2 protein chains.
Amino acid sequence: MTPPRHQRRPGSGPRPGPATIYAVAEEAGVSIATVSRVLSSPDKVSERTRDRVIEVIDRLNYVPHGAARSLAARAHEAYGLVLPELRGPYYAELLTGFESAAADRGASVVVLLTLDRPTADLAVRRLAGRVDAMAFMGGARVDPSTVAAIGSKVPVVQLAGVDLDGVENYSTESTDSARTLTEHLLVDHGRRRLLFVGSPADAPDVRRRYEGFVEAHAGLGREAAPPVAAELSESAGQEIARAFSAGELSADGLVCANDELALAVMRGLGDAGVDVPADVAVTGWDDWMAARYVAPGLTTVRQPVRDLGRLVGERLGGVLADPEAPEPVNWLPTSVVLRRSCGCP
Amino acid sequence: MTPPRHQRRPGSGPRPGPATIYAVAEEAGVSIATVSRVLSSPDKVSERTRDRVIEVIDRLNYVPHGAARSLAARAHEAYGLVLPELRGPYYAELLTGFESAAADRGASVVVLLTLDRPTADLAVRRLAGRVDAMAFMGGARVDPSTVAAIGSKVPVVQLAGVDLDGVENYSTESTDSARTLTEHLLVDHGRRRLLFVGSPADAPDVRRRYEGFVEAHAGLGREAAPPVAAELSESAGQEIARAFSAGELSADGLVCANDELALAVMRGLGDAGVDVPADVAVTGWDDWMAARYVAPGLTTVRQPVRDLGRLVGERLGGVLADPEAPEPVNWLPTSVVLRRSCGCP
DNA sequence: TTGTAAGCGTTATCAA
DNA sequence: TTGATAACGCTTACAA
C-alpha cells in the first residue's frame with residue numbers, strides 16, 4: 001500500500017520545482033497543518049513556532065499554490081470581467097473600479113475580451129470554472145443563454161446590459177440624460193431636425209440613449225427620425241461626416257452615441273467646411289479627455305464609470321458573502337456637460 | 001478504511017452545488033477518466049460514448065473546476081499582468097495585445113493594478129501562485145527583489161522596465177526617437193532653449209526619453225537642461241503651464257513625457273495667451289486620439305503598444321512551452337509624428 | 001476503447 | 001497548541 005500522503009517524502013531533500021507546504025513543514029519541523037495555520041490564522045499558532053515557520057517560508061521563498069488553495073477552500077478568490085474590448089476610457093475605467101473592489105476583498109480579476117473572437121461563448125464557459133463570480137458587459141455580445149447557464153453556477157451580473165430574467169443589471173442612467181440633452185438642442189438652441197447617430201441594436205446603452213432622444217421629441221409633440229446606424233468608431237464617424245457633406249444626410253444637429261464617433265464626425269465636418277455648431281450641432285457621450293481639448297469643446301454626457309465598476313465588484317463580493325444580501329441601487333446618475341459644440345456660448 | 005475515491009458516491013443522486021465530473025460520469029454510465037478524455041482528447045473516445053457523454057455534459061451544464069484542473073495538470077492556464085493603472089490608451093492597448101496572445105494559447109489573463117496600493121508586493125506574490133507566468137510593467141514600481149523572487153518560480157518578463165539581472169525586458173524604442181524629436185526641434189525649427197517635462201526617476205521609459213533628449217543636445221555640442229519634474233497627469237501639466245506663464249520657467253520648446261501632460265500644458269499655455277508653437281513648441285508621447293484632434297495638432301511619438309503586449313504574451317507562452325526557446329527581439333520601433341505643435345506647417 | 005487509482009498541494013475537521 | 005488525515009475535483013499513467 002502507498003503510505004499516507006504526509007509521509008510520502010520522508011527525508012527527501014529539496015525537490016525540483018517551487019517549494020510546497022511539505023517542504024516548509026519538513027524544514028521547520030512541523031506538520032503541514034501548522035504551516036497552513038501560520039498563513040491563514042497566525043494567532044492560532046504559538047509565537048515560537050510561528051516565527052520559525054515564517055523564517056522558513058521566507059528562506060524557501062514559498063508561495064502557496066493557488067489552485068490547491070482554491071480547490072481545498074472551495075473559492076477561487078477571483079472575479080471574472082467580460083468586456084468586448086478596451087478602446088476608449090470607458091472599459092478601462094470600469095476595469096479599474098472593478099479591480100479595486102475585488103482587490104479589497106482579496107480577489108483577483110480575470111479579464112476576457114470578446115470582440116472579434118468567434119468562440120467567445122466557449123471561453124466564457126471555461127472562465128466560469130475559474131472564478132467565484134462574473135460580470136458581463138452588455139456590449140460583449142455573449143449569448144443570453146450562456147449568461148443564464150453560468151448564472152446557475154456562480155453569481156452573475158450584467159453591466160449596461162439588457163434586462164435578463166434573474167440577472168441583475170447595473171448601468172449608468174442613460175435615457176433621462178439623453179432626453180435632457182435632446183431637449184436642450186430642440187428647445188434652448190431651437191434645432192429643427194436632429195439625427196441620432198449610432199446603432200441602438202448594437203448595445204443596450206446605445207438603445208437607451210436613443211429612447212431618450214425619442215422621448216424628447218415626443219414630449220414636444222414631434223417625431224424623432226430613425227437612428228443613423230454607425231459603429232462607435234472613428235471610421236464610422238468619418239463616413240457619417242462624408243455622407244452629411246455629400247447631402248445624403250440632412251440635419252441641424254447630430255446626437256452621437258459616443259465621443260469617439262462625435263469627434264470624428266466633428267473633424268470630418270470641419271474638414272468639409274461645415275461649421276459646428278453654426279451649421280450643425282454635435283454632441284457625444286462619455287466625456288473623453290479629447291472632448292475637452294478640441295475646438296469647439298464637445299457637449300457630452302459624463303458617466304461615473306469607475307464607480308460603476310466598483311459598485312459591481314462590491315455587489316459580487318456582497319452576494320458571495322451573503323446570497324441574501326439586498327440588491328443595491330442598480331444605476332448611477334450621469335451629468336450633461338455643455339460645451340460649445342451644441343451651440344452654447 | 002475509506003473506500004477509494006471513485007466509489008465514494010455510489011448511487012448518490014444529484015448533489016448540491018455545480019455538477020462535477022463524477023456526476024457526469026455516473027449519469028453517462030462511464031468512468032470519470034472517460035469524461036475527462038471526452039473533454040481533452042475526444043478522438044481517444046469512441047463516437048458512441050463521446051456523444052452520450054457530451055449530451056450529459058450539456059444537460060447538466062457541466063463546467064470543469066478550473067482549480068482542480070490546474071492542480072492535476074500542473075498548469076494554471078493563466079498569465080499575470082501587473083500594471084500601475086489603466087489611464088490613457090497605453091495600458092489598455094498593452095493589455096489588449098497581451099490578452100490576445102494569452103487567449104490564443106488558451107490562457108486567461110489576471111490583471112493587477114498597483115498604483116496607490118501600499119501592499120502591492122504582497123498581492124504580486126499571491127498572484128505568483130495563481131499564474132504560469134507574469135509580466136511586470138516597469139512603472140508598476142514592484143520591488144526588484146520581489147520580481148527576482150517570483151522569477152525563480154515562474155517565467156517573468158518586464159515591460160518598459162529597468163534592466164534587471166536575469167529578467168528579460170521588452171519595450172518600445174525610446175531614446176532614439178526622443179533624440180530625433182529633440183534634434184528636430186533644435187535643428188529644423190531652430191529652438192534655442194528646450195525643457196524636458198517629466199520625471200525620469202518615475203519610470204524607466206521616461207528616463208530613456210530624457211536620455212535621448214540629452215543625447216540630441218550633446219550631439220550638437222550643447223548641454224541639456226535638467227528635467228522639469230512632473231507626473232504624467234493633467235494637473236501636473238496645468239501646473240507647468242502656470243509656472244511657465246508666471247515666468248518661473250523659460251523655454252521656447254517643451255518636450256513632454258507623454259501626451260496627457262503635453263495636452264494639458266498646451267491648453268494651459270493657450271489659456272494664458274501663450275502661442276503654441278510660435279512662442280513655445282510642445283511635443284508629447286503616445287499619440288492619443290486627442291493629439292490628432294486638438295488645434296494645433298500635437299507632435300508626438302507613436303508606439304506599437306498593442307504589438308508590444310502581444311509580443312510579451314507570446315514570449316511567455318513560448319518560454320513556457322520550451323524553456324530554451326530563443327529570446328525574441330526585445331524592442332519595437334516607434335515613429336515620430338509631426339504635427340503643428342512643434343512648428344511644422 | 002475503457003477503467004483503476006495515484007497523485008496534484010492545499011484547507012479544515014477532529015483528536016490528541 | 002499541534003498533528004493526522006480526509007477531502008477538494010480533476011489528469012494521467014497503467015492495466016485490462
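Within every chain, numbering begins at 1; the chains are lettered A, B, ... in the order of the sequence lines, protein sequences first and strands thereafter. Because the structure is predicted, anything quoted here is derived from the model rather than measured.
To the nearest 0.5 Å, atom CD1 of residue A:Ile32 and atom OG1 of residue A:Thr20 are 9.0 Å apart.
Of the side-chain N and O atoms in A:Tyr22, none sit less than 4.0 angstrom from OP1 or OP2 of C:dG7. The side chain of A:Ser46 places an N or O atom within less than 4.0 Å of a non-bridging phosphate oxygen (OP1 or OP2) of D:dT2. At the phosphate of D:dC10, neither OP1 nor OP2 sits under 4.0 Å from any side-chain N or O atom of B:Ser36. For A:Ser31, no side-chain nitrogen or oxygen approaches OP1 or OP2 of D:dT2 to under 4.0 Å.
Overall bending of the helix from C:dT1-D:dA16 to C:dA16-D:dT1, expressed as the angle between end axes built from five pairs apiece, is 30° (10° steps).
Considering A:Leu159, A:Val312, A:Val131 in turn, A:Leu159 is the only one that fulfils the side-chain contact (heavy atoms from CB on, under 4.5 Å) rule with A:Leu81. Between B:Met134 and the options B:Leu316, B:Leu112, B:Val124, B:Val142, a side-chain contact (heavy atoms from CB on, under 4.5 Å) holds for only B:Val124.
Where B:Ala73 and B:Asp43 each meet DNA chain C at their nearest nucleotide, the meeting point lying more 5' is that of B:Asp43. Nucleotides of DNA chain C nearest to B:Ala72 and B:Val45 differ in position, and the one nearer the 5' end is that of B:Val45.
Residues in residues 140-162 of chain B take part in no salt bridge (Lys or Arg N to Asp or Glu O under 4.0 Å) pair, two or more places apart or across chains.
Listed for the B:Gln158 side chain is a donor-acceptor partner under 3.5 Å among the backbone atoms of B:Val162. Judged by distance alone, the side chain of B:Arg125 and the main-chain N or O of B:Asp121 form no donor-acceptor pair under 3.5 Å. Listed for the A:Asp132 side chain is no donor-acceptor partner under 3.5 Å among the backbone atoms of A:Ala75.
Annotation for A:Pro84 and A:Met137: closest pair CD-CG, 3.8 Å, computed over non-hydrogen atoms.
In this structure, B:Ile32 atom CD1 and C:dG7 atom P are separated by 15 Å, rounded to whole Å. In this structure, the CZ atom of B:Arg74 is 16 Å from the C1' atom of D:dG9, given to the nearest Å. The interatomic distance linking B:Arg126 (CZ) with C:dT10 (C1') rounds to 14 Å, in whole Å. Across the protein-nucleic acid pair, B:Glu26 atom CD and C:dG3 atom P stand 13 Å apart, rounded to whole Å. One can place NZ of A:Lys153 at 12 Å from C1' of D:dG9, the figure rounded to the nearest angstrom. The CZ-P distance, from B:Arg69 to D:dT12, rounds to 8 Å in whole Å. Following rounding to the nearest Å, B:His76 (NE2) and D:dC10 (P) show an atom-to-atom distance of 17 Å. Spacing between atom OH of B:Tyr62 and atom P of D:dG9 amounts to 10 Å, rounded to whole angstrom units.
Out of C:dA12, D:dT11, C:dT10, the shortest distance to the side chain of A:Pro64 is found at C:dT10. For A:Ala33, whose side chain is taken as the heavy atoms from C-beta onward, the closest listed nucleotide among C:dT11, C:dA5, D:dA4 is D:dA4. Minimum atom distance to the side chain of A:Arg37 is reached by D:dG3, of the listed C:dG3, D:dG9, D:dG3. Nearest nucleotide to the A:Leu71 side chain, out of C:dT10, D:dC8, D:dC10: D:dC8.
Residue-level contact check: A:Thr49 touches the backbone only, with heavy atoms under 4.0 Å from sugar-phosphate atoms and none from bases.
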